Amino acid sequence: MNKKITIHWFIQDLRLHDNPSFYSASEEGEVIPIFILDNVNTQKYQLGSASKWWLHYSLLSLQKSLGGKLNYFIGDPKEILIKLIDKYKVTAVNWNRCYEPWQIKRDENLRKILLEKGIEVNTYNSSLLWEPWDILKSDGTPYKVFTPFYKNGCLVGGISPRKSLSKPKNLQLIFQQSNDNSVSILNLLPKNNWGKKLEKYWKIGEKNALDTLKSFIESGIKNYKEGRNFPGENFVSTLSPHIHFGEISPNLIWEKISSLHSDENTNHFLSELGWREFSYYLLYHFPHMPEKNLQKKFDKFSWQNNKSYFEAWKKGKTGYPIVDAGMRQLWETGYIHNRVRMIVGSFLVKNLLLHWHYGAEWFWDCLVDADLASNSFGWQWIAGCGADAAPYFRIFNPIIQGEKFDVDGKYTKRYLLELENLPNKYLFCPWKAPKAILDKAGVILGVNYPYPIVDLKESRNLALKAY
DNA sequence: TTTTGAGTTGTTCGA
DNA sequence: GTCGAACAACTCAAA
């Protein structure tokens, strides 16, 4: 009998453990492990700068776990796969499915072509706990509200999430020797020094993803439900970029958290994984979610689209410290704490009256965890035009939010050094501080920290009226 | 088919 | 200072 040669195509599953496609390929014989940077089918969803940076290091880490035998390609997967199949007499092509609409389309087409060539095609689910097509209401249509989706659809009605797998035991890997077989051909690192800065904040790759989960279980989860609201503290998992690139699977996380003593903290964290599922679920059933308002009546909304407001927002120079701290955290670290994402999002949409697309695009470029499903869902939610969105009158007040969730000012002062010496009483509204206090703190409004670019009350009423 | 209750994360105002 | 109502009306899910 001829031995079996399988291509395992790594896409957003950059790990060896709990990798159903890689596991089964390895069980059956020799494997050609490949990564393809697809710059042909992506259309407008080319990776953002922060994502590319992360991907570069994640690939290096994966390459190391594979003993240096990861094969790199750039171009159209169809052509690359066909060349490889012919060259190595490949029997089967395996991959773990991705759920972005453009990937679904590409992969359906690819599967057809490979099957016609007589090649075995095996695809697996390695990134979702529940398949979007399995969870439906009794009338056969998709859910649009989170709670019934999660409770009735997933927890009660759904199939239990797949159990995680170990690393495959015997690896027989085929590596294509050539000069340009290195991650550098993908050209992922930014030309400027922006990437350098990010290095301080992240440890990338499969092992670090597992370590991050471990330390979250040891500390953050114990006060997750309350603590997750405080951006200055470490109660959130920061697993999102690891999950996005598949350095760790939601299944393993689900399994580990479920095995802990069940309480309000573990349940709340599991429901956050449920929210991630819900974003993918909606993206699957409503593939235009990244572009179009899920509620059509918002199409008529009169956005202001003032470019100078957008510039100020991006740079963290709106004059509202909690907003600015968030935007500078994004620039500095490639990440924003979830509570602050809502604050800066609400501010962009409901105080600056900018279209949520602006915010989504900036996040897409800057976030190391940029994810089409979560990002478009999140922005639609905060804008109020999503399936199960915030009511129009839910407009975050950046002063109150700061006072409430950054009580000691630790978070805000970490990113706004110019306000370091301002007493907490005025930290979230420096323009209200008496001159003597500003002087003493070395804050000169309009010089080293901006005046507020919009009036809260006024812009809030403007938004309410527009809604 | 009709009815009923609910819908992640908020703020403001006035008693 | 605290508390409840109002901020609108609609859509969704399930009985």
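Quick caveat: nothing in here was measured; it's all calculated off a predicted structure. To find a chain, count down the sequence lines: A is the first, B the second, and so on, and within it residues start at 1.
Here B:dG10 presents its P atom at 14 Å from CD1 of A:Ile322, a figure rounded to the nearest Å. Between A:Phe149 atom CZ and C:dC12 atom P the separation is 16 Å, expressed in whole Å. As rounded to whole Å, 10 Å separates atom C1' of B:dT12 from atom CG of A:Asn397. For the pair A:Tyr392 OH and C:dT11 P, the computed distance is 15 Å after rounding to whole Å. Per the geometry, NZ belonging to A:Lys297 stands 10 Å off P belonging to C:dC12, to the nearest Å. Here the C1' atom of nucleotide B:dG10 and the CG atom of A:Asn229 are 12 Å apart, to the nearest Å. For A:Phe405 and B:dT8, the CZ to C1' distance is 12 Å, given to the nearest whole Å. Atom pair A:Gln380:CD and C:dT11:P shows a separation of 17 Å (rounding to whole Å applied).
Ring planes of A:Trp362 and A:Phe310: perpendicular class, angle over 60° (limits at 30 and 60°).
In the set B:dT8, B:dT9, C:dA14, the nucleotide with an atom closest to the side chain of A:Pro148 is C:dA14. With distances taken from any side-chain atom of A:Asp388 to the nucleotides B:dT8, B:dG10, C:dA14, the minimum falls on B:dT8. Of the candidates B:dT9, B:dG7, B:dT12, the closest approach to any side-chain atom of A:Thr147 belongs to B:dG7. Which of C:dA8, B:dT9, B:dC13 sits closest to the side chain of A:Lys457 comes down to B:dC13. Taking the side chain of A:Arg394 as heavy atoms from C-beta on, and the options C:dA13, B:dT9, B:dT12, the nearest nucleotide is B:dT9. Between C:dA8, B:dT11, C:dC12, one nucleotide has an atom nearer to the side chain of A:Phe393 than all others, and that is C:dA8. Considering only side-chain atoms of A:Arg228, the nucleotide from B:dG10, C:dA13, B:dT9 that sits closest is B:dT9. Relative to the side chain of A:Lys144, the nucleotides C:dA13, B:dT9, B:dT12 differ in distance, and C:dA13 lies closest. Among the nucleotides B:dT11, B:dT9, C:dA14, the one closest to the side chain of A:Tyr143 is C:dA14. When each of C:dA13, B:dG10, B:dT9 is scored by its nearest atom to the side-chain atoms of A:Met342, the top-ranked nucleotide is B:dT9.
One P atom belongs to B:dA6, the other to C:dA5, and the distance between them is 16 Å to the nearest Å. Spacing between B:dT9 and C:dT2 at atom C1', rounded to whole Å, works out to 22 Å. Taking atom P on both nucleotides, B:dC13 is separated from C:dA8 by 13 Å, rounded to a whole Å. Rounded to whole Å, the separation between the P atoms of C:dA14 and B:dT8 comes to 13 Å.
Within the nucleic acid shown, A:Gln295 has no heavy atom closer than 4.0 Å to any nucleic acid atom. Within the 4.0 angstrom heavy-atom criterion, no nucleotide atom of any strand lies near A:Leu464.
Under a cutoff of 6.0 Å and an axis angle of 45°, A:Arg460 and A:Phe393 do not form a cation-pi pair. Judged by the 6.0 Å distance and 45° axis criteria, A:Arg339 is positioned over the aromatic ring of A:Phe405.
Between A:Lys404 and B:dT11, a side-chain N or O to OP1/OP2 separation shorter than 4.0 Å is present.
A donor-acceptor contact closer than 3.5 angstrom links the side chains of A:Tyr99 and A:Glu131.
Here A:Trp275 lies parallel enough and close enough to stack on the base of B:dT8, with planes under 30° and ring centres under 5.5 Å apart.
Of the nucleotides present, none pairs with B:dT8 by Watson-Crick or G-U wobble criteria with both distances under 3.5 Å. Under the Watson-Crick or G-U wobble criterion, with both distances below 3.5 Å, C:dA9 is left unpaired in every strand shown. Under the Watson-Crick or G-U wobble criterion, with both distances below 3.5 Å, C:dG4 is paired with B:dC13.
A distance-only check finds no donor-acceptor pair linking the side chain of A:Asp18 to the backbone of A:Ser249 [under 3.5 Å].
For CG of A:Asn234, the number of neighbouring non-hydrogen atoms (other residues, nucleotides, ligands) closer than 6.0 Å is 12 at most.
Partner of A:Trp54 under the side chain to side chain donor-acceptor pair (under 3.5 Å) criterion, out of A:Glu247, A:His244, A:His242: A:Glu247 alone.
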